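We number each residue from 1, following the sequence as shown. These numbers were taken from a predicted model, which means no experiment stands behind them.
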Amino acid sequence: MVALLDFMNALSSGAISVIDLTSPLSSETPILELPPDLGQTQRFELQEISRYDDRGPAWYWNNFRTGEHTGTHFDAPNHWVTGRDKDDIASVPVRRLIGPAAVLDFSAQVADDPDFLIEIDDVRAWEADHGPLPEGGWLLVRTGWDARTSQRDAINADGAGPHSPGMSAECARWVAEESPVVGLGVETVGTDAGAAHSFDPPFPCHSYLMGSDKYGLTQLRNLAQLPATGAVVIASPLPIVSGSGSPARVLALVQRQ
Ligand code: MN
């Protein structure tokens, strides 16, 4: 098995580095906010069981409570009604959790316009420079939103609702139905734009990707450390039986140039 041995040697020598794309998971982790008449996701919470005390003299451990869609997390196809008969999070084939990354940087546009929407032409322009999106890969969108670590900054709402970047409905349909990637990864709390409740269809990234048996990854960070092409993403959601998603540790492997 020369390939695996070469890989381990490259990790040992530093020729390949491991970048953590995961946001820390705590009670401070920003979460989605839905209108008050709808069900709400829970913040991540730790409940201490014992900490080297009379509840357990030699050990420390916690229970935790969280929404499936909290922090850096993985959207399974059955998360959306369009994918209701497709895989739950435990059934996602593990082979599809590892794939090449295409990193598209829209941080300059988003700095000027927090409601910036990626269009098909933006992806086509990236492909003209870097080649086609990778088969079985992840389309990772850098927006600079990873710097917004508080609930208020991440949601960025005013009287008109949340303002955060995303993808047009047409582009979401194209990524889901015509591009070869298996998923879309973003720095925001959800794959859809803050204003996507009013798009046609509403929440098009969720609607089209889940309906096409594809995936979402959210609240990624450190995308600035990745090259436009050549990195490998490893996404590792928990196999929650019948679950619609899971907090995930997401890593990227990057070869030194
Ligand atoms: Mn989600």
Peer 1: Does Y52, at its OH atom, have more than 12 non-hydrogen atoms belonging to other residues, nucleotides or ligands within less than 6.0 Å?
Peer 2: yes
Peer 1: Check this for me, if you would: do R55 and E48 make a salt bridge, where the nitrogen-to-carboxylate-oxygen distance has to be below 4.0 angstrom?
Peer 2: yes
Peer 1: Looking at the rings of W174 and Y208, which for Trp means the six-membered one, are their centres under 6.0 Å apart?
Peer 2: no
Peer 1: Between the side chains of Q219 and T72, is a donor N or O closer than 3.5 angstrom to an acceptor N or O?
Peer 2: no
Peer 1: Does S50 reach the side chain of W61, with side-chain heavy atoms less than 4.5 Å apart?
Peer 2: yes
Peer 1: Just wondering, more than 12 heavy atoms not from Q151 lying within 6.0 Å of its CD?
Peer 2: yes
Peer 1: Check this for me, if you would: do D20 and R221 make a salt bridge, where the nitrogen-to-carboxylate-oxygen distance has to be below 4.0 angstrom?
Peer 2: no
Peer 1: Might you confirm whether atom CZ of R84 has over 12 heavy atoms from other residues, nucleotides or ligands at distances under 6.0 Å?
Peer 2: no
Peer 1: Would you say E28 has more than 12 foreign heavy atoms packed within less than 6.0 Å of its CD?
Peer 2: no
Peer 1: Between R96 and D87, is there a side-chain N and carboxylate O pair less than 4.0 Å apart?
Peer 2: no
Peer 1: How are the rings of F74 and W138 set relative to one another: parallel (under 30°), tilted (30 to 60°) or perpendicular (over 60°)?
Peer 2: perpendicular
Peer 1: Using a 4.5 Å cut-off on heavy atoms from C-beta on, say whether the side chain of V186 contacts that of L217.
Peer 2: no
Peer 1: Salt bridge between R51 and D53, side-chain N to carboxylate O under 4.0 Å?
Peer 2: no
Peer 1: Does the side chain of L97 reach to within under 4.5 Å of the side chain of V94, using non-hydrogen atoms?
Peer 2: yes
Peer 1: Starting from L223, can I reach L104 by hopping between I/L/V/M/F/W/Y residues whose side chains sit under 4.5 Å apart?
Peer 2: no
Peer 1: Is the F203 ring parallel, tilted or perpendicular to the H206 ring (thresholds 30°, 60°)?
Peer 2: perpendicular
